[in-house]
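Scroll down for the structure; my scribbles are underneath it.
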Amino acid sequence: MFYERPQAMVPDITSAEQASVVVVDDDASIRLLTEECLTQAGYVVLGISDGTSALNYLCSYMPDVVLLDIRLPDTDGFYVCEALRKIPGGEDVPIIIMTGLDDDASMIHAYQAGATDFITKPICWQTLGYRIHYILRSSNAFKKLRKTEMQLTEAQRIAQLGNWEWIPESGNIRLSGLFGNQLAMLAGNTLSNLDNLLDHVHPEDRDPLKQLFNRSVQTTHPISQDFRFIAFGNNEIHLNARAMLSGDNGCGCKVYGTFQDVTDRKVAEQALTEANQQLIFAKEAADAANTAKSRFLANMSHEIRTPLNGVIGMIQLLRMTEMTRKQQDYMDSIEVSANNLLTVISDILDLSKIEAECVELENTYFPLQKTIVNIVASQRSLAHQKGLELHLELSDELPLVVLGDTARTKQILLNLLSNAIKFTEKGAIHVTALPVISHAETVLIRLMVKDTGIGINNDVLGQVFSPFVQAATSTTRLYGGTGLGLAISRRLVELMHGEIWVESTPGTGSTFYVEIPFGVADATNNATPPDENINALWEGPALDLLVAEDNHINARVMTAFLERMGHRVTLAGDGNQALDVWSNGMFDCLLIDIQMPCLYGDEVV
């Protein structure tokens, strides 16, 4: 039967803050006494005289408790109780039967219809409120428990988790929850004991899992083990078993635990392992390729440097002879070409060393101001040849001596200054050096090289520090170069824990900034070192020298220079010959090449 709420209906009492009670009884005095008794106890009470009106009301509003008489004018309380249990929300509401019938059959019928409690008339009004209170408290506790169970079941479903208990004495195991049922279905039969469960475990995992169960009765700490469960159709499922003993060891103890499906995790771990392995292989291949490239570049640079050294040496020897003006012009062209080639080879070798992480920075005291002045002075003639002004500005606070790598500092500044001169056709170049931040032990030095050259477009500004990159291909054709100078400078600055950047406007010029941290010199190292007097000529007595060099041209060049200084030179063409000559003669000094046939120079030494 379907019930609808009438248009003229008593008010909704379920929205009140107090617990609500509906009394269904055809006796007006019972309704009145119940309302007065329970109102004093803090309840909101509504009385209804017949079953039909009660069901119509309860279809819309469900109170906390229903007090129901059996004998009603239109139907009986048993029917109302059964109908109420079918209404949404009515399955949990406490229903207390209040009747004058006190026979066992009526009581059984009431409980079968869904009643929560049974009270016979006459009613003890002094205890009715307490009775309802305890029934409500039990009902609320039951609702919370069922809600918790539903949340737990849902959490287990989401986590693919099931719980179990094992009795060691009998070996019986009981799986509970949705996952336990699913596991039994996957196995194709019931998993009632440990042996039955182990029959469905991968052979390689049976002993470890069995040991887990055996160890679980020996410790009160939770333990776990991953294993593979063989489902119906030989499908593997990866499970994680956790177990923990409940109670003391011995007779009657139980072990509680969980099974969790970790197949997705295992698949992900396997994929991650394979991906990591591939990354390792790729890294090893890349490292091997990079090492091979670096070795190739180093070897090629050495093989090119050797004959190039002979060319430059012969040029210097020829300049010591009488030549015509035309021959001198030819020699100038040859020397420029040789020096340009030597610069390219040096850049490639430097880059290969940096990429192979073979560069070791020095950390010595050196005169910073003097180093900057000398670098700028070395480029003045080249700047003046192009009609450029070259200005240097040193801050008064710039330290005289710092702790760092003097050779790399020179290389960085020289690269920036050479670039500025190369890409500037008219105007001036300004070099500035100043301290940015000073601390007790370190000082951050900024070097700026500003030119009035061709500038750099914004779209390629971020690429100028990449190897073999120039602003445009036309730049390479017009100005030459490999595009390695700035790349080397950036790598060196980074190795020195500094920064390098550029600001540029096409057609106006560029400004390169370098900031490098140096150590602060103490009082004993802060004095400017004296000028070094480097004299290419030998002023001492003539020496007997053994020169071990497998390249014939280089051997001739070295012999010519050394004999010009007044020394006596003996040549050896390889390492074995050098050892023989050395052992049979008396020599003041040995000049030896590293890469030679038979024995390398370091092996000879």
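These numbers come from the heavy atoms of this one structure, side chains and all, not from hydrogens, waters or symmetry mates.
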Just one of Lys326, Arg319, Arg325 clears the salt bridge (Lys or Arg N to Asp or Glu O under 4.0 Å) bar with Asp332, so which one?
-> Arg319
Under 4.0 Å between a Lys/Arg side-chain N and an Asp/Glu carboxylate O for Arg228 and Glu204?
-> yes
How long is the span from the CG atom in Leu590 to the CG atom in Leu579, to the nearest 0.5 Å?
-> 9.0 Å
Under 3.5 Å donor-acceptor, Arg380 side chain and Leu390 backbone = yes
Min side-chain heavy-atom separation Leu382-Gln379 under 4.5 Å | yes
Could you tell me whether the side chain of Thr263 and the main chain of His238 form a donor-acceptor pair under 3.5 Å?
-> yes
Taking atom NE2 of His497 as the centre, report whether more than 12 heavy atoms of other residues, nucleotides or ligands fall under 6.0 Å from it.
-> no
Indicate yes or no: at least one non-hydrogen side-chain atom of Ile372 is less than 4.5 angstrom from one of Thr409.
-> no
Quick one: closest heavy-atom pair of His567 and Pro541, and the distance?
-> CE1-O, 4.0 Å
Please assess Asn163 against Thr258 for the test side-chain hydrogen bond (donor to acceptor under 3.5 Å, both in side chains), listing each intermediate value before the final yes or no.
-> CA-CA 4 Å; Asn163 55 296; Thr258 58; over 6 Å; no
Separation of Leu444 CG from Ile516 CD1 (nearest 0.5 Å) | 9.0 Å
CD/Gln327 to CD/Glu322 distance, rounded to the nearest 0.5 angstrom?
-> 10.5 Å
Is atom CZ of Arg564 surrounded by more than 12 heavy atoms (other residues, nucleotides or ligands) closer than 6.0 Å?
-> no
Mind checking the CG-CD spacing from Leu434 to Glu397? Nearest 0.5 Å is all I need.
-> 8.5 Å
Indicate yes or no for a side-chain donor-acceptor contact from Ser224 to the backbone of Arg242 under 3.5 Å, with no hydrogens or angles considered.
-> no
Output for pair (Arg568 CZ, Leu543 CG), nearest 0.5 Å, gives 7.5 Å
Does Ile421 offer a backbone N or O that forms a donor-acceptor pair with the side chain of Thr424 under 3.5 Å?
-> no
Hey, can you tell me if Tyr513 and Trp501 have their rings parallel, tilted or perpendicular (30° and 60° cut-offs)?
-> parallel
Kindly check if the number of other-residue, nucleotide or ligand heavy atoms within 6.0 Å of CE (Met586) is above 12?
-> no
Shortest non-hydrogen pair, Leu495 vs Leu361, comes out as O-CD1, 3.3 Å
Search all heavy atoms of Gly566 against all heavy atoms of Ala542 and return the closest pair with its distance.
-> O-CB, 3.0 Å
Between Val376 and Asn374, is a side chain to side chain contact (heavy atoms under 4.5 Å, CB included) present by the stated rule, with each step listed?
-> CA-CA 5 Å; Val376 174; Asn374 289 342; over 6 Å; no
Is the closest side-chain heavy-atom distance between Thr511 and Val449 below 4.5 Å?
-> no
In terms of the angle between their ring planes, are Trp582 and Phe587 parallel, tilted or perpendicular, with boundaries placed at 30° and 60°?
-> parallel
Salt bridge (Lys or Arg N to Asp or Glu O under 4.0 Å) assessment of Glu362 paired with Arg408 = CA-CA 9 Å; Glu362 295 181 356; Arg408 300 306 177 184; over 6 Å; no
In short, Val502 meets Ser510 closest at the heavy-atom pair CG2-CB, 4.3 Å
Value rounded to 0.5 Å, distance of CG in Asp574 from CG in Asp580 = 8.5 Å
Give the intermediate values and the outcome of side chain to side chain contact (heavy atoms under 4.5 Å, CB included) for residues Asn363 and Leu403.
-> CA-CA 6 Å; Asn363 199 34; Leu403 181 65; 3.4 Å; yes
Full working for side chain to side chain contact (heavy atoms under 4.5 Å, CB included) between Arg265 and Glu269 | CA-CA 6 Å; Arg265 190 194 75 190; Glu269 287 177 353; 3.3 Å; yes
Does a side-chain heavy-atom distance below 4.5 Å link Leu447 with Thr432?
-> no
For Leu209 and Phe227 the tightest heavy-atom approach is CD1-CD2, 3.8 Å
Of all pairs that satisfy side-chain hydrogen bond (donor to acceptor under 3.5 Å, both in side chains), the ones with a partner from residues 435-452, not counting sequence neighbours | Arg446-Glu515
Between Phe561 and Met320, what is the shortest heavy-atom contact and its length?
-> CE2-CE, 3.4 Å
Could you walk me through whether Gln411 and Asn415 pass the side chain to side chain contact (heavy atoms under 4.5 Å, CB included) check?
-> CA-CA 6 Å; Gln411 187 174 1; Asn415 281 344; 4.0 Å; yes
Could you tell me whether the side chain of Leu398 reaches within less than 4.5 Å of the side chain of Ile445, counting heavy atoms only?
-> yes
Crowding at CD, Gln369 (>12 non-hydrogen neighbours, <6.0 Å) | yes
Minimum side-chain heavy-atom gap Leu239-Asp226 below 4.5 Å = no
So, do Phe518 and Tyr365 have ring centers that fall under 6.0 Å from each other?
-> no
Under 3.5 Å, side chain of Asp544 to main-chain N/O of Asp588, donor-acceptor pair present?
-> no
Answer with yes or no whether the side chains of Glu274 and Gln278 bring together a donor and an acceptor at under 3.5 Å.
-> no
Does the side chain of His391 come within less than 4.5 Å of Val431's, by heavy atoms?
-> no
Measure the shortest side-chain to side-chain distance between Val581 and Gln577 over non-hydrogen atoms and say whether it is less than 4.5 angstrom.
-> yes
